[in-house]
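Structure first, then comments.
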Amino acid sequence: MKRNRTLRLFDRSLIESALKESFVKLNPKVMMRNPVMFSVEISTVVMMVITVMSMFSNDIEYGSFNYNLIIAVLLFLTLLFANFAEAIAEARGKAQAASLRKTREDTPAKRMDSDGTITVINSASLLKNDLFIAEAGDTIPLDGEIIDGIASIDESAITGESAPVIREAGTDQSGVIGGTRVLSDRIIVKVTTAQGESFLDKMIQLVEGANRQKTPNEIALTLLLASFTIVFLVVTVTLKPFSTFANTPVTITALISLFVCLIPTTIGGLLSAIGIAGMERALGANVIAKSGKAVENAGDIDVVLLDKTGTITIGNRKATNFFPVGDSSYENLSKYSLLSSLSDPTPEGKSIVELADSSKRMLSTELLEGAKFIQFSAETKMSGVDLKDGTTIRKGAWSAIQKWAINTSYTREVDHKCNEIGKNEGTPLVVAMDKKVLGVIQLEDIIKPGIKERFARMRRMGVKTVMVTGDNPLTAAFIAKQAGVDDFIAEATPVDKLEYILKEQNDGKLVAMMGDGTNDSPALAQADVGVAMNSGTQAAKEAANMVDLDNDPTKLLEVIEIGKQLLITRGNVTTFSLVNDVAKYFAIVPALFSTSIPALNSLNIMQLSSPDSAIISAVIFNAFIIPALIPLALKGVKYKPLGASALLTRNLLIYGLGGLFVPAIAIKLIDMVVSLF
Amino acid sequence: MLLGRYIPIIGPLAIAGSLATKNSVPNSEGTLDASGMAFGVILLGVIIVVTALSFFPALSLGPVAEYLSI
């Protein structure tokens with residue numbers, strides 16, 4: 001079972017640390033990275049100066065002290081709320097990562113020196129490229145690659161998957177994770193990442209404030225917001241001379257309030273929180289992303305390369321049918337297939353046991369006493385069992401059995417059956433007893449349940465699915481059609497994968513792929529989004545830009561959705577923020593001028609009670625909408641795979657129209673409360 | 001004059017020039033059709049809203065106030 005680690009939306013300890021951070025982040029050097037909120041910070045300082053000055057002067061320019069104080073406090077709150085949003089997103093990200101990291105600390109390690117002596121040291125003292133031994137019962141201290149041996153490992157601490165996995169040197173499954181437990185055998189492991197430098201640590205740096213690089217999308221959006229800020233600054237500043245000319249003096253307080261309400265503070269304050277929350281959702285899906293850019297790019301992927309085995313089909317062929325030939329009965333065939341497969345460790349053998357009547361299993365164990373099991377070999381292409389009483393049973397490829405069996409009276413029948421099975425893209429396995437053919441077992445590739453629906457969903461998202469397999473083109477075509485993939489590469493070598501990716505990229509498409517072997521590295525590096533399985537080789541993990549802890553080949557779909565969700569959330573909050581301005585205008589502008597131009601009161605469509613209360617209500621709304629939208633920023637907008645136009649229209653209707661009416665209603669309500677004082 | 005006239009001309013031209021040098025990405029399910037109705041309406045809406053936001057305060061002092069005072 002995959003453990004989806006989602007934090008409760010608001011965790012007590014997280015909130016406390018975030019509150020403290022909000023004040024720490026007020027440092028101008030930190031605020032400068034966010035032009036919108038920096039402008040608010042400057043406005044707050046100016047406002048405080050004005051407040052102090054209004055205490056001592058009765059000049060109408062400065063307005064009343066109480067009024068100024070309220071506005072100054074509200075502006076300060078706006079700043080704190082924005083910082084809080086970012087701080088709590090960071091805190092959640094760190095908590096998510098810390099829960100992953102917890103199991104790796106301070107485990108004893110058995111370091112092996114070059115002469116073979118073993119010293120027990122603290123895992124913190126292990127350096128990169130050191131060798132250590134792990135035996136049954138040991139916890140693996142650090143991430144590494146097995147260079148000798150094979151072991152079964154319990155990875156539930158990291159992945160939540162309780163079924164043990166096999167890791168072996170020299171294969172594509174040679175990676176081990178720090179914090180997991182060895183269940184059997186003994187392996188020699190080379191440390192690939194020293195403590196503090198694992199991919200997880202790098203990802204934690206990505207969510208922590210100080211080292212966080214802005215992704216290209218964030219930079220673009222920040223530029224847009226900065227240009228809006230400049231435009232609105234000009235609008236507000238030019239209002240002063242206009243108003244003087246029109247003989248309607250406006251206080252500096254009013255102008256500052258107008259400015260702060262106009263600039264997109266909602267998205268300005270929530271932008272970084274949305275980005276961090278996206279990374280945190282990736283962590284919650286057990287994917288370690290090496291950069292925020294990778295997660296965003298995932299949202300724009302056009303083509304996805306998936307391996308057939310393990311992704312689309314359930315790893316190994318499964319027995320689906322028994323076909324007796326000649327005078328053999330179904331019972332007989334099933335019984336002898338069972339006998340020859342009970343000691344068969346291969347998955348095919350196990351599936352034959354499953355298919356055969358389980359009630360016969362009792363009988364069979366007796367019969368198998370003293371029997372000799374014949375292993376499958378590539379030369380004989382057969383496996384089977386020699387019973388104590390001399391009965392010999394074999395199963396295997398038709399060509400091999402044909403040579404072994406003497407009684408070939410059913411040759412034509414068997415030929416026919418084998419061809420039939422082959423046409424349906426299965427593999428025929430012939431069973432013979434005492435040199436007489438009994439029948440044929442049909443083995444088939446089973447498509448994972450639910451795959452077809454997932455691919456349909458991807459198609460609706462605009463993503464093309466490509467199946468990569470080593471099978472011959474006919475088999476591949478059949479499975480491709482069954483699973484519903486758009487395209488396939490048959491008899492694929494690693495070079496084929498790389499070439500396919502290059503071809504699609506030349507057409508301007510973004511390509512994603514999953515891989516685990518060292519021979520996948522060039523393709524993984526070339527792909528725009530490369531996901532390496534954590535059980536894979538270190539080379540694959542280095543080449544990729546994301547690592548999947550669950551080793552789940554369909555994880556790519558979730559990564560794509562997280563990426564899209566991230567970008568859409570940003571867009572929606574930006575829309576909401578800007579459209580809010582319309583309603584705020586209708587609150588503030590009449591308030592600014594209606595004392596000297598009473599006719600403008602007809603613009604006061606929300607019927608706010610007084611200019612002062614109107615402005616205060618608008619500023620209150622502006623401040624409090626930020627924490628109100630924090631849950632949305634952290635959870636992300638729900639993604640529905642419609643076409644682009646439909647999705648855009650739907651989102652614009654919700655957040656655009658919502659952005660018009662929500663502030664209008666909210667400001668009116670706040671005004672009713674404020675006017676009571 | 002410089003700000004109000006030339007920057008709005010030079011700006012978009014620079015953006016267009018920069019986009020022209022970039023690779024074109026082929027259309028897919030996820031592409032927003034630039035000639036579709038949805039795009040047109042959205043574009044119009046954005047232009048109106050952003051322009052109104054920029055000019056509304058100044059307008060309200062001048063022409064709007066005058067009109068309402070009559």
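In what follows, chains are A, B, ... by sequence order, proteins preceding strands, each numbered from 1. Quick caveat: nothing in here was measured; it's all calculated off a predicted structure.
With a 4.5 Å cut-off on non-hydrogen atoms, B/Val50 touches chain A through its side chain but not through its backbone. Contact annotation for A/Ser243: both backbone and side-chain heavy atoms come within less than 4.5 Å of a heavy atom of chain B. Residue A/Phe245 does not touch chain B at all, counting heavy-atom pairs closer than 4.5 Å. For A/Val582, the parts sitting under 4.5 Å from any heavy atom of chain B are the backbone and the side chain alike. Residue A/Leu578 touches chain B through its backbone alone, counting heavy-atom pairs closer than 4.5 Å.
Heavy-atom minimum distance, B/Ala58 versus A/Leu239: N-CD1, 4.1 Å. Of all heavy-atom pairs spanning A/Val235 and B/Ser54, the tightest one is CG2-O, 3.1 Å.
Checked by atom type and distance alone, the side chain of A/Tyr585 never pairs as donor or acceptor with a backbone atom of B/Phe56 at under 3.5 Å.
Between the CZ atom in A/Phe232 and the CG atom in B/Leu53 there is a gap of 4.5 Å [rounded to 0.5 Å]. Here the straight-line distance linking atom OG of B/Ser60 with atom CZ of A/Phe242 works out to 10.5 Å at 0.5 Å rounding.
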Start with the C-alpha distance between B/Ile42 and A/Leu648, add both sets of side-chain angles, then the distance that settles side chain to side chain contact (heavy atoms under 4.5 Å, CB included), and finish with yes or no.
CA-CA 9 Å; B/Ile42 290 165; A/Leu648 184 57; 3.2 Å; yes
